[in-house]
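Okay, so here's the structure we're looking at.
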Amino acid sequence: MSDFRIKDFLDRLGELGLMFSATRMADGSIRLNQWRGITYYENEADIRRIWSAAMDGHPGRVQDVARYVELTQTRARVLGKAA
């Protein structure tokens with residue numbers, strides 16, 4: 001069983017300057033979009049190392065992360081409109 005925690009993974013990369021959004025495609029798949037923040041380039045080596053350690057050898061994990069991002073960004077929008 002894997003101890004991979006998507007939220008911790010995304011939080012760590014976010015601290016280093018890499019943020020994510022998700023886009024639902026016409027075929028039903030989810031595209032994971034990466035956004036580079038102001039600190040991305042000074043942390044690029046660490047970001048690549050963390051990404052490789054989490055994704056290499058784990059087929060389907062990118063889609064798991066994309067589903068999580070889609071779910072959490074949808075909740076944030078819904079909560080934002082209700083407030």
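Remember, it's a predicted structure, so these values are computed and weren't measured experimentally.
Using a 4.0 Å cut-off between charged side-chain N and carboxylate O, D64 and R61 make no salt bridge. Ion pairing between a basic and an acidic side chain is recognised when a charged N comes within 4.0 Å of a carboxylate O; R67 and E70 show no such pairing.
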Residues K7, D11; criterion salt bridge (Lys or Arg N to Asp or Glu O under 4.0 Å); working and verdict = CA-CA 6 Å; K7 183 181 182 324; D11 288 347; 2.7 Å; yes
For F20 and T72, run side chain to side chain contact (heavy atoms under 4.5 Å, CB included): C-alpha distance rounded to whole Å, both residues' side-chain angles, the deciding distance at 0.1 Å, then the answer.
-> CA-CA 11 Å; F20 297 90; T72 57; over 6 Å; no
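Rounding to the nearest 0.5 Å gives a distance of 11.5 Å between CG of L16 and CD of E44. Atom CG of residue L18 and atom CZ of residue R12 lie 12.0 Å apart, to the nearest 0.5 angstrom. Atom CZ of R5 is separated from atom CG of L10 by 14.0 Å, given to the nearest 0.5 angstrom. Between atom CD1 of residue I38 and atom CG of residue N43 there is a gap of 12.0 Å, rounded to the nearest 0.5 Å. Interatomic distance, Y40 OH to Q34 CD, rounded to the nearest 0.5 Å: 7.0 Å.
Every residue meeting the side chain to side chain donor-acceptor pair (under 3.5 Å) condition with S21, not counting sequence neighbours, appears here in chain and number order: N33, W35. In this structure R31 satisfies the salt bridge (charged side-chain N to carboxylate O under 4.0 Å, His left out) test with no other residue, sequence neighbours excluded.
If you chain together hydrophobic residues whose side chains sit under 4.5 Å apart, V62 and I30 never meet in one group. Note on W51 and M19: separate hydrophobic clusters, where clusters join Ile, Leu, Val, Met, Phe, Trp and Tyr whose side-chain heavy atoms are under 4.5 Å apart, directly or indirectly.
The number of heavy-atom neighbours closer than 6.0 Å to CZ of R48, taken from other residues, nucleotides and ligands shown, is 12 or below.
The two residues A66 and A22 make their nearest non-hydrogen contact at O-CB, 3.6 Å.
For the pair R24 (side chain) and G28 (backbone), a donor-acceptor distance under 3.5 Å is present.
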